[in-house]
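Read the numbers this way: they start at 1 and go in the same order the structure lists the ligands and their atoms. Owing to the predicted nature of the structure, the values given are computational and were not obtained by experimental measurement.
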Amino acid sequence: MSEPALIQVPFLEEAARLMAERTSGRTPVALVRTYGCQQNVADGELIKGLLDEMGFSFTEDPEQADLILLNTCAVREHAEDRVFGNLGALKNVKRRHPGLLIGVCGCMSEQAQVAEKIRKSFPFVDIVFGTRAIHHLPEMMVSALNESRRVFYSGQGDQAFVEGLPVHRDSSFRAWVPVMTGCDNFCSYCIVPYVRGREKSREPEDILRDCRELIQAGYKEITLLGQSVNSYGKGLDRPINFSELLRRIDALDGDYRLRFMTSHPKDATEELFSTMANARHIPHCIHLPFQSGNDRVLREMNRRYDRQQYLNLIHLARSLMPDIHFTSDVIVGFPGETYAEFQDTLSLIREVNFTNLFTFIYSPREGTVAAKMEDPVSHAEKTRWFAELLKVQEAIAADRGQSMVGETLRVLVEEQDPKTGLLSGRTAGGLVALFPGETQWVGQFTWVQVTEARGLQLLAKQVRS
Ligand code: SAH
Ligand code: SF4
Ligand code: F3S
């Protein structure tokens, strides 16, 4: 297969030249700090891909940087607060290094009130751009460097996904492949449809080309990304659904795992589960957020399924894949949720027996429907419910871990702890196993036997390579 044609990104060379001028010929250094979900991580890899082309090297140390970009997340208030905190700290760095360029991008920048706040309260920020304007980065840098003016660019009119941009992959064995961007679901609490725009799917040929090249380059894990990944295919000229896409990728030969996230229950079908069950490369695990176990709350959330439909999906998937692992997201304290309704969430958690849960206390997001709903329960009360939920899940996770002692599992070795020297490997079901081994196993598959479980963390020993 030929290399994909990289597109000509306008202003790339000029931005490189101006940057080199600014650093008097020294290699310019960038710090790209990414917050939020894997979509943002994948965007961060595109940003770094462009910076690579401009001749940058990378650092984690703000004091070393000539360019700092904060790639932000807007999903909860806490995420935004962290960014504003970190941004405030950069003021002094800029005072010490006046030549430093500072940019804010990602989901927060797509919100008008955030752009306004940066305009007024953070005058040392040079560039602000949204999730659909990444390919305009060189152009924005040229304006900031050449004309010394601040650049605000939301890029909302732009095409959602630009093919052919260079990618700087953070890992040499695990890769993110976005298959769609945006979200059309408008769950009433969620900011994502506002900051990421409408759903847009990539052409299957582009996705297959990426996957083929990754496998040929020795990548061992490919994760397909989309906010509602299983509604992939809508709006493409030639009809294709997500299951079909999975089957076409799975047909590629090689020793790799094919994962995907995040699936919306309303688009999870029997075809999807049977595709998983019959695939050669897809692990039997799925992230399937349920958010709440109560029908009234689910309706108010605009999730478009009810408790029974969700449970039916779980039973269907288990009937086809008895060894399947489920993980999920759940929100505690949605506006108007009562303690009795919250108990339905707990009972659903017990009934499904999730391997892992990502748990959040509801956070109002300006501009969403839920932000206007009455929210009488205090934060302190919600925090108590949250603690109750964690306890339930911890007990389930501990049982799950115990039940795996003695099992022999294939893991992908992800890293080595520099302190203990232990390797950590990821099982097909997404759990972490720690075991002694050699540094050069990182990035390879190996077989381990679980000897002990501490909660969800499995202690293991290698049994064969
Ligand atoms: N598209 C994915 C994930 C979106 S954001 C999905 O539909 O599942 C990840 C998680 O953050 C959501 O699943 C939800 O549990 C949580 N979340 C989103 N908005 C939130 C809010 N306003 N307050 C608290 N949690 C929220
Ligand atoms: Fe947000 Fe719902 Fe879209 Fe997920 S599906 S990104 S929770 S609106
Ligand atoms: Fe956050 Fe944007 Fe992802 S809001 S969760 S980084 S899509």
Which value, rounded to the nearest 0.5 Å, describes the distance between Met54 atom CE and Phe11 atom CZ?
12.0 Å
Can the ring centroids of Tyr194 and Phe186 be said to lie less than 6.0 angstrom from one another?
yes
Hey, can you tell me if Phe124 and Phe122 have their rings parallel, tilted or perpendicular (30° and 60° cut-offs)?
perpendicular
Short version for Phe186: what comes under 4.0 Å of ligand 2, heavy atoms counted, is backbone
Just distances here: any N/O of His264 and N/O of ligand 1 closer than 3.5 Å?
no
Taking 4.0 angstrom as the limit, do Arg196 and Asp43 come out as a salt bridge?
yes
Close N or O approach (Tyr362, ligand 1; < 3.5 Å)
no
Quick test of your reading of the model: are Glu80 and Arg365 salt-bridged, counting only N-O distances below 4.0 Å?
yes
If you have a sec, work out which protein heavy atom is nearest atom 4 (C) of ligand 1 and how many Å separate them, to one decimal?
Gln227 OE1, 3.6 Å
Atom 4 (S) of ligand 3: closest protein heavy atom, distance to 0.1 Å, is Ala74 N, 3.2 Å
Interfacing atoms of ligand 1 (cut-off 4.0 Å, heavy-atom, Asp329)
9 (C), 10 (C), 12 (C), 13 (O), 15 (O)
Among all protein heavy atoms, pick the one closest to atom 6 (C) of ligand 1 and tell me residue, atom and distance.
Thr262 CG2, 3.8 Å
Could you check atom 5 (S) of ligand 1 against the protein and tell me its nearest heavy-atom contact, residue, atom and distance included?
Val75 CG2, 3.8 Å
Atoms of ligand 1, numbered as shown, that sit under 4.0 Å from any heavy atom of Ser363
21 (C), 22 (N), 23 (N), 24 (C)
Could you work out, for atom 1 (Fe) of ligand 2, the closest of Ser228, Pro265, Pro289, Cys190 by heavy-atom distance?
Cys190
Arg303 heavy atom under 4.0 Å from ligand 2:
yes
List the closest protein heavy-atom neighbour of atom 4 (Fe) of ligand 2: residue, atom name, distance to the nearest 0.1 Å.
Gln227 O, 4.2 Å
A student checking ligand 2 against His264 at a 4.0 Å heavy-atom cut-off should list atoms 5 (S)
Is the distance from the ring center of His168 to that of Phe58 below 6.0 Å?
yes
Arg248 bridged to Glu205 by N-O distance under 4.0 Å:
yes
Heavy-atom contact check, 4.0 Å cutoff: does Gln39 meet ligand 3?
no
Parallel, tilted or perpendicular: ring planes of Tyr310 versus Phe354, cut at 30 and 60 degrees:
tilted
Among Arg150, Lys94, Arg149, exactly one meets side chain to side chain donor-acceptor pair (under 3.5 Å) together with Asp126. Which residue is that?
Lys94
Does even one non-hydrogen atom of Arg303 get within less than 4.0 Å of ligand 1?
yes
Taking atom types as modelled and ignoring hydrogens, do the side chains of Asn185 and Lys266 form a donor-acceptor contact shorter than 3.5 angstrom?
yes
Atom 5 (S) of ligand 2: the protein heavy-atom neighbour that sits closest, reported with distance to 0.1 Å
Asn185 ND2, 3.3 Å
Assert yes or no for the condition that the ring centre distance of Phe129 to Phe152 is strictly below 6.0 Å.
no
Quick one: which ligand 1 atoms are inside 4.0 Å of a heavy atom on Pro289?
8 (O)
For Arg307, is there an ion pair with Glu351 - N to carboxylate O distance below 4.0 angstrom?
yes
Considering only the protein, which heavy-atom contact is closest to atom 15 (O) of ligand 1, and what is its distance?
Gln291 OE1, 2.7 Å
Is the distance from atom 2 (Fe) of ligand 3 to some N, O or S atom of Cys73 under 2.8 Å?
no
Determine, for Asp250 against Arg247, whether the closest basic-nitrogen to carboxylate-oxygen distance falls under 4.0 angstrom.
no
Sidechain N-carboxylate O distance under 4.0 Å for Asp170, Lys48
yes
At under 4.0 Å between heavy atoms, is it the side chain or the backbone of Tyr189 that contacts ligand 1, or both, or neither?
both
Do the side chains of Glu116 and Lys120 get close enough for a salt bridge, i.e. N-O under 4.0 angstrom?
yes
Any Ile361 heavy atom less than 4.0 Å to ligand 1:
yes
Atom 2 (Fe) of ligand 3: the protein heavy-atom neighbour that sits closest, reported with distance to 0.1 Å:
Cys107 SG, 2.2 Å
Between Lys391 and Glu394, does any side-chain N to carboxylate O distance fall below 4.0 Å?
no
Which part of Arg365 is near ligand 1, with near meaning a heavy atom under 4.0 Å away: side chain, backbone, both or neither?
side chain
So, is Ser228 polar-close to ligand 1, with some N/O to N/O distance under 3.5 Å?
no
Heavy atoms only, cut-off 4.0 Å: how does Pro193 contact ligand 2, side chain, backbone, both, or neither?
side chain
Nearest-neighbour protein heavy atom for atom 3 (Fe) of ligand 3, which is reported as residue plus atom name and distance
Cys37 SG, 2.3 Å
Please identify which atoms of ligand 1 are closer than 4.0 Å to at least one heavy atom of Arg76.
11 (O), 16 (C), 17 (N), 23 (N), 24 (C), 25 (N), 26 (C)
Numbered in order shown, the ligand 2 atoms found under 4.0 Å of a heavy atom of Cys183 are 3 (Fe), 5 (S), 6 (S), 8 (S)
Counting non-hydrogen protein atoms only, what is the nearest one to atom 7 (S) of ligand 2? Give residue, atom name and distance.
Tyr189 OH, 3.4 Å
What are the atoms of ligand 3, with element, lying closer than 4.0 Å to any heavy atom of Asn40?
6 (S)
Within 45° of the axis and under 6.0 Å from the centre of the six-membered ring of Tyr219, does NZ or CZ of Arg174 qualify?
no
Under 2.8 Å from atom 2 (Fe) of ligand 2, can any N, O or S atom of Cys187 be found?
yes
So, Asn294 and Asp344: side-chain donor and acceptor under 3.5 Å apart, yes or no?
yes
Is it true that Gln227 lies under 4.0 Å from ligand 3, counting heavy atoms only?
yes
